[in-house]
**Student:** 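There's a structure below that I have some questions on.
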Protein chains: 2
Amino acid sequence: MTVSANKKKRATPLRAQILDAALHLYSSKGYFNTSIHDIQRSADVAMGSIYNYFAGKEAIARALYDDLLAQMEALVDDVTAKNQGSYAQGRAMIRALFELTEAEPDMVRFILNARHREFLIDEPGICSSKPFEKMRDIVINGMQHGEVRQMDSWLAASLAFGPALRMISLRLDGMVPTALPDSTDELWDMTWAGIKAIR
Amino acid sequence: MTVSANKKKRATPLRAQILDAALHLYSSKGYFNTSIHDIQRSADVAMGSIYNYFAGKEAIARALYDDLLAQMEALVDDVTAKNQGSYAQGRAMIRALFELTEAEPDMVRFILNARHREFLIDEPGICSSKPFEKMRDIVINGMQHGEVRQMDSWLAASLAFGPALRMISLRLDGMVPTALPDSTDELWDMTWAGIKAIR
DNA sequence: GTCTATAAATGGATAGAC
DNA sequence: GTCTATCCATTTATAGAC
């Protein structure tokens, strides 16, 4: 057990410090209203350290984007593994997103509510990202198994997750005063009533 | 009929020219990636003219915002006047929004898909704007008349319009290849199945 | 690796001629 | 009212000491 074995553990607290500060600032004021100097001050590090860990302002945003999207994908994978069928998976997915919104509003704001294409050059758009594809797959599977009515997959995904995503947006904007997770079942049952296969 | 009677008609073509160019640039590249110089070039007017009609870059965005929101409000009023009941009004509303998305994508992008609070200082957020309130009223009225199931009004609005708004977003991002209006009835019938009162 | 001080560039806004 | 040329502040990024 050498000293270098600890390298990964302590690694770079500064890097995480910078990312934390950047996420909070980007989420609250927006990417363009946040100067690299704001991040520097908020993270309580020096200018030089920022450029030691990141190529620049955009690179910080990209690192956040990749990191948070990976976390989100892990969440989707967890939900689909632990639940069977579209109905259960969809509900669990929405509950997880609602809980994440309450626990980590900055993260959800950055992932769901930001216009990444404005600051991450040639980013294909978040809807074609892995976690979003996998959410769509939940509904597509439901169609293949006869659980969900046959329709265009984009339409199906919009019907299934549009209401929940809208609630998250409204909650983050301060319009909805109550915690989201409480309304999961009510929302999902009504959503499901619209898309379930008629038999 | 004096010459000054024509003042309103001709008025200021430059002003409209500037607004048009700004809307297109703001919608395609985003507000912050658009310099006042970009607008000047694109509108083919001089710097001085811009500052003759507007106080600055933000004022242009605010003028657009107010103008487009008023148009949108007129649209909502028209739909509610010409249709009776939540079911018909909701469907007509969504069809109108879908048609608007195809006809004026820049407008819809600017109104629905931009984060105004990042560049319009102390703007209360678009969800508390008149047209959005009136859309919510459509559903609230439905609840009062027993057409729509009783629930929180934000939840009801999200269930009613969340799927449609999501489809618009996906369409504007180039994910949905087909024109939206075609899927109006299919979308609305499934949406309605979820929120209609059980009797 | 971390810091401060500074360079280089961008872009919003203005001055003043016509 | 419209134009060009210019100013000035902000901000990204770097140089070089420690």
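Note that this is a predicted model, so its numbers are computed, not measured. Here is how names work: the chains are called A, B, and so on, in the same order as the sequence lines, proteins then strands, and each is numbered from 1.
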**Student:** We want to know whether A:Ser169 and A:Asn113 form a side-chain donor-acceptor pair, criterion being a heavy-atom distance below 3.5 angstrom.
**Tutor:**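 Distance-only check passes for A:Ser169 and A:Asn113.
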**Student:** In whole angstroms, how far is the P atom of D:dT11 from the CD atom of A:Glu58?
**Tutor:**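 For the pair A:Glu58 CD and D:dT11 P, the rounded distance is 18 Å.
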**Student:** For the backbone of B:Arg117 and the side chain of B:Glu123, can you confirm whether one donor and one acceptor N or O come within less than 3.5 Å of each other?
**Tutor:**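 No, B:Glu123 side chain to B:Arg117 backbone: no donor-acceptor pair under 3.5 Å.
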**Student:** Decide, yes or no, whether a salt bridge links A:Asp38 with A:Arg41 under the criterion of side-chain N to carboxylate O below 4.0 Å.
**Tutor:**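 Here A:Asp38 pairs with A:Arg41 in a salt bridge, since their nearest N and O are under 4.0 Å apart.
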**Student:** Just so I know, are the side chains of B:Gln17 and B:Val45 near enough to count as touching, which here means a heavy-atom distance under 4.5 Å?
**Tutor:**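 Yes, close enough: below the 4.5 Å cut-off.
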**Student:** Measure from CD1 on B:Ile60 to P on C:dG11 and round the result to the nearest Å.
**Tutor:**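 Taking atom P of C:dG11 as the reference, CD1 of B:Ile60 is at 15 Å.
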**Student:** Figure out the CD1/P separation between A:Ile50 and D:dT11, and round it to whole Å.
**Tutor:**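 So the two atoms are 14 Å apart, to the nearest Å.
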**Student:** Given D:dT14, is OP1 or OP2 found less than 4.0 Å from the side-chain N or O atoms of A:Tyr51?
**Tutor:**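 False: A:Tyr51 side-chain N/O out of range (4.0 Å or more) of D:dT14 OP1/OP2.
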**Student:** Assess A:Arg136 against A:Trp154: is NZ or CZ under 6.0 Å from the centre of the six-membered ring, and within 45 degrees of the ring's axis?
**Tutor:**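 A:Arg136 over A:Trp154 ring: yes.
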**Student:** Quickly work out the B:Phe119 CZ to C:dG11 C1' distance and round it to whole Å.
**Tutor:**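 Going from CZ in B:Phe119 over to C1' in C:dG11 covers 18 Å.
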**Student:** How far apart are the C-alpha atoms of B:Tyr31 and B:His116, what are their side-chain angles, what is the distance that settles it, and do they pass the ring pair (Phe, Tyr, Trp, His ring centres under 6.0 Å) test?
**Tutor:** CA-CA 9 Å; B:Tyr31 176 84; B:His116 310 99; over 10 Å; no
**Student:** Cut-off 3.5 Å, no hydrogens considered: what does the side-chain donor-acceptor table look like for residues 95-104 of chain A, sequence neighbours left out?
**Tutor:**
unit_1	atom_1	unit_2	atom_2	d
A:Arg95	NH2	A:Asp185	OD1	3.0
A:Thr101	OG1	A:Leu97	O	2.7
A:Glu102	OE1	A:Arg171	NH2	2.9
A:Glu102	OE2	A:Arg171	NE	2.9
A:Glu102	OE2	A:Leu180	N	2.9

**Student:** Determine whether A:Leu75 and A:Asp78 make a side-chain contact, defined as any pair of heavy atoms from C-beta on separated by less than 4.5 Å.
**Tutor:**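 No - every pair of side-chain heavy atoms lies 4.5 Å or more apart.
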**Student:** Within residues 20-33 of chain A, which residues have any heavy atom lying less than 4.0 Å from an atom of DNA chain C?
**Tutor:**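 Correct list: empty, so none.
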**Student:** C:dA9 P sits how many Å from B:His37 NE2, rounded?
**Tutor:**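 Distance, rounded to whole Å: 17 Å.
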**Student:** Treating primed atoms plus P, OP1 and OP2 as sugar-phosphate and everything else as base, which nucleotides of nucleotides 2-8 of chain C get B, S or - for protein heavy atoms under 4.0 Å?
**Tutor:** SBBB---
**Student:** Measure CD1/B:Ile36 against P/C:dT14 and give the value in whole Å, please.
**Tutor:**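 Taking atom P of C:dT14 as the reference, CD1 of B:Ile36 is at 10 Å.
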